[in-house]
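In listed order, ligands and their atoms are each counted from 1. In this chain, residues are counted from 1 in sequence order.
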Amino acid sequence: MTEILRPKVLVIGGGPGGYVAAIRAGQLGLDTVLVETGRLGGTCLTRGCIPSKALIHAAGLYDEAVLASSQAGRFGIHLNQAPRLDFKETVAWKDGIVDRLSGGVGGLLRKARVRTVTGWAKFSDAKTCSVETAEGAVTIRPEHVILATGSTAVELPFLPLGGRVISSTEALSLDEVPATLAVVGGGYIGLELGIAYAKLGSKVTIVEALDRILPLYDTALTGPVSRWLERHGVSVHLGAKALGQDEDGLLIETAGGESRLTIPAERILVTVGRQPLTEGWGLEQMALEREGRFVKVDDRCATSTTNVWAIGDLVGEPMLAHKASAQGEMVAEIIAGHRRRFDPAAIAAVCFTEPEIVSVGLTPDQSPDNVETIVGQFPFQANGRALSMQAGDDGGFVRVLARKSDHRILGIQAVGRHCSELAGQFATLMEMGAVLEDVAGIIHVHPTLGEAVHESALKALGHAIHI
Ligand code: FAD
Ligand code: NAD
């Protein structure tokens, strides 16, 4: 027999968009059902942000241990023997973190009195959803629908996933570290995971179609990452095309079609972007307008169909977990009667490469033509804390962009080890409409990387102390 539910709110997808929307709706007293086909936490918790950062952390520790066991040692630390990596244990440790977080999300949903239905949701019209669960069929007829189906990896037709060709999902759960790894796509995932595997001992080659890595960031910010790759023997082919695979590895055409070569590859990791998950759940039955590949929404995340809302990776760039969560929280509040709009001053982005990059707002090359701006850049090499943590290696810095007329901060970026933790401060400055004098007037703790933020504002004002 089919169970019929009539909640106020139905959320599809238990990623950082959907589960946050459901918890907030529950907190606000709305009768809420969440449908998730896989594990709670979605891409982010189970095969994205969290497991990748766990792997990156473990890879960093291993790399340091390898250095400490070399002839030169590390900061006077000498290990008498090379460290031994049991990668299965590393992956199991990572899985433990995922289990803990996914279980935690389940607990939070229960606490907020959200009912979770496990199975694949399918709509026959905008307000009728069927789910086949292990316990039987469930039909859900809600008043409001929040779609948070997320995204999937883009595949290349000439390199279909399977065998040695893998996506980030498989790359996060390999049995062993591949001796050789070819990465197609030098964006976020390709570089984060490519660098992690290089630290774990793979010979990594990155193949990027454009003429630079991480095209989302300017070359000043990516320069330190390029230098790290060069110093650590990671080969990078820019302007190159992947063509397919042969027995030995990945077949590519180098820049300008100059030559064809095979990159030896035990594994080929394809990371050429992600696409919204718009198929297989009845989008066509819901009369939803599209904007390119994405579901079209307005500044309240309302779709073209009344009381159908959409959030997260499904609705567009940036495809970031914190944007998905912010939209989820907002939509729940709108349904509960609050007046809200999605209008952030800026959404911070961090790339967890070596070194890390953090960026909020405009970069100098994005300054509007009709606005005079000033830039203050301060090198981590001149910051004590940075030196003690090697944040200034390879040329890291903090850079602030401000309007010349009133010193209003338009954007702020940094590149350096551990600088991802500055993202919160950067976002706060942007969201609060700070001017350079605000930053200059704040006493920053010594010794911290934050002092470099202070100095970048002083530099823009013409009176940096430590350079
Ligand atoms: P998702 O997290 O994709 O969740 C969607 C959920 O919906 C999935 O669990 C899916 O199973 C479920 N679903 C879909 N359709 C149905 C259906 N019909 N019925 C039932 N369930 C359904 N972002 C960051 O901000 N920081 C990072 O460091 C970061 N690292 C990343 C690393 C990797 C390797 C990857 C792949 C992504 C990373 N991201 C990162 C991006 C981030 O994971 C996404 O932006 C985020 O997960 C989007 O959240 P979402 O809720 O929109 O969708
Ligand atoms: P991406 O868009 O960051 O990078 C894809 C790269 O592949 C680009 O540089 C592109 O030029 C290149 N490319 C495309 N087609 C190619 C081809 N045929 N051959 C060679 N190169 C090609 O995509 P991604 O790395 O797959 O990550 C997807 C999304 O996940 C990101 O855009 C981001 O939103 C999210 N993400 C975020 C983080 C983070 O916040 N730290 C980490 C990982 C992923």
Before giving the answer on salt bridge (charged side-chain N to carboxylate O under 4.0 Å, His left out), spell out for Arg267 and Glu170 the whole-Å C-alpha distance, their side-chain angles and the decisive distance to 0.1 Å.
-> CA-CA 10 Å; Arg267 299 278 185 176; Glu170 294 77 36; over 6 Å; no
Closest protein heavy atom (residue, atom, distance) for [atom]:
{"atom": "atom 25 (O) of ligand 1", "value": "Ala321 N, 2.9 Å"}
{"atom": "atom 14 (C) of ligand 1", "value": "Thr149 O, 3.3 Å"}
{"atom": "atom 9 (O) of ligand 1", "value": "Glu36 OE1, 2.7 Å"}
{"atom": "atom 45 (O) of ligand 1", "value": "Asp313 OD1, 2.9 Å"}
{"atom": "atom 53 (O) of ligand 1", "value": "Gly150 CA, 3.1 Å"}

Less than 4.0 angstrom from a charged side-chain N to a carboxylate O is my criterion; do [X] and [Y] meet it?
{"X": "Arg340", "Y": "Glu329", "value": "no"}
{"X": "Arg417", "Y": "Glu354", "value": "yes"}
{"X": "Glu289", "Y": "Lys296", "value": "yes"}

[X] neighbourhood, listing ligand 1 atoms whose heavy-atom distance to it stays under 4.0 Å:
{"X": "Gly17", "result": "51 (O)"}
{"X": "Ser151", "result": "3 (O)"}
{"X": "Ile12", "result": "17 (C), 19 (N)"}
{"X": "Gly119", "result": "19 (N), 20 (C)"}
{"X": "Ser168", "result": "34 (C), 36 (C)"}
{"X": "Ala324", "result": "49 (O), 52 (O)"}
{"X": "Lys53", "result": "27 (C), 28 (O), 29 (C), 30 (N)"}
{"X": "Met319", "result": "41 (C), 45 (O)"}

Please check if the number of heavy atoms outside [X] that lie under 6.0 Å from its [atom1] is greater than 12.
{"X": "Glu421", "atom1": "CD", "answer": "no"}
{"X": "Glu3", "atom1": "CD", "answer": "yes"}
{"X": "Gln366", "atom1": "CD", "answer": "yes"}
{"X": "Arg113", "atom1": "CZ", "answer": "no"}

With respect to [X], determine whether any N or O atom, backbone or side chain, lies less than 3.5 Å from an N or O atom of ligand 1.
{"X": "Ser52", "answer": "no"}
{"X": "Arg39", "answer": "no"}
{"X": "Leu320", "answer": "yes"}
{"X": "Leu172", "answer": "no"}
{"X": "Ala121", "answer": "yes"}
{"X": "Thr37", "answer": "yes"}

Where does ligand 2 get N/O contacts under 3.5 Å from the protein, atom by atom?
unit_1   : atom_1 : unit_2 : atom_2 : d
ligand 2 : 3 (O)  : Tyr188 : N      : 3.1
ligand 2 : 9 (O)  : Glu208 : OE1    : 2.6
ligand 2 : 9 (O)  : Glu208 : OE2    : 3.2
ligand 2 : 11 (O) : Glu208 : OE2    : 2.6
ligand 2 : 21 (N) : Ala209 : N      : 3.2
ligand 2 : 23 (O) : Gly273 : N      : 3.4
ligand 2 : 25 (O) : Tyr188 : N      : 3.3
ligand 2 : 25 (O) : Ile189 : N      : 2.8
ligand 2 : 26 (O) : Gly273 : N      : 2.9
ligand 2 : 34 (O) : Met319 : O      : 2.7
ligand 2 : 40 (O) : Val350 : O      : 3.4
ligand 2 : 41 (N) : Glu192 : OE2    : 2.7
ligand 2 : 41 (N) : Val350 : O      : 2.7

Trace of the side chain to side chain donor-acceptor pair (under 3.5 Å) decision for Thr254 with Lys241 | CA-CA 6 Å; Thr254 57; Lys241 265 193 210 144; over 6 Å; no
Proximal candidate to [atom] [heavy atom criterion; set [options]]:
{"atom": "atom 5 (C) of ligand 1", "options": "Ala148, Gly13, Gly42, Pro318", "answer": "Ala148"}
{"atom": "atom 46 (C) of ligand 1", "options": "Pro16, Gly190, Ala171", "answer": "Pro16"}
{"atom": "atom 42 (C) of ligand 1", "options": "Cys49, Gly14, Gly15, Gly48", "answer": "Cys49"}

Between [X] and ligand 1, which residue portion shows a heavy-atom distance shorter than 4.0 Å: side chain, backbone, both, or neither?
{"X": "Trp120", "result": "both"}
{"X": "Thr43", "result": "both"}
{"X": "Arg274", "result": "side chain"}
{"X": "Phe352", "result": "side chain"}

Donor-acceptor pair, side chain of Ser456 and main chain of Phe378, under 3.5 angstrom |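 Checking the backbone N and O of Phe378 against the side chain of Ser456, no donor-acceptor pair under 3.5 Å is found.
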N/O donor-acceptor pair under 3.5 Å between Glu431 side chain and Ala345 backbone |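 Present.
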Among side-chain atoms of Ser173 and Lys94, is any donor-acceptor pair under 3.5 angstrom?
->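 Yes, a side-chain donor-acceptor pair sits under 3.5 Å.
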Kindly assign one of parallel, tilted or perpendicular to the pair Phe123 and Trp281, based on the angle between their ring planes and the thresholds 30° and 60°.
->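 Rings of Phe123 and Trp281: perpendicular, over 60°.
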Hey, which of Leu40, Thr116, Leu34 is the one that makes side chain to side chain contact (heavy atoms under 4.5 Å, CB included) with Val105?
->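 Going through the options one by one, the only one that passes is Leu40.
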Out of Val165, Thr205, Thr262, Val184, which residue meets the side chain to side chain contact (heavy atoms under 4.5 Å, CB included) rule with Leu250?
->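 Between Leu250 and the candidates, side chain to side chain contact (heavy atoms under 4.5 Å, CB included) is satisfied uniquely by Val184.
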Rounded to the nearest 0.5 Å, how far does SG of Cys129 lie from CD1 of Ile12?
->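 One finds 4.0 Å between CD1 of Ile12 and SG of Cys129.
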Minimum heavy-atom distance Pro51-Leu45, with the two atoms named |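 Closest approach of Pro51 to Leu45: CD-O, 3.3 Å.
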Quick one: are Thr222 and Asp218 in side-chain contact, heavy atoms under 4.5 Å?
->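 No. Closest side-chain heavy atoms not under 4.5 Å.
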Heavy-atom side-chain proximity of Val33 to Val117 below 4.5 angstrom |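 Contact flag for Val33/Val117 side chains = yes.
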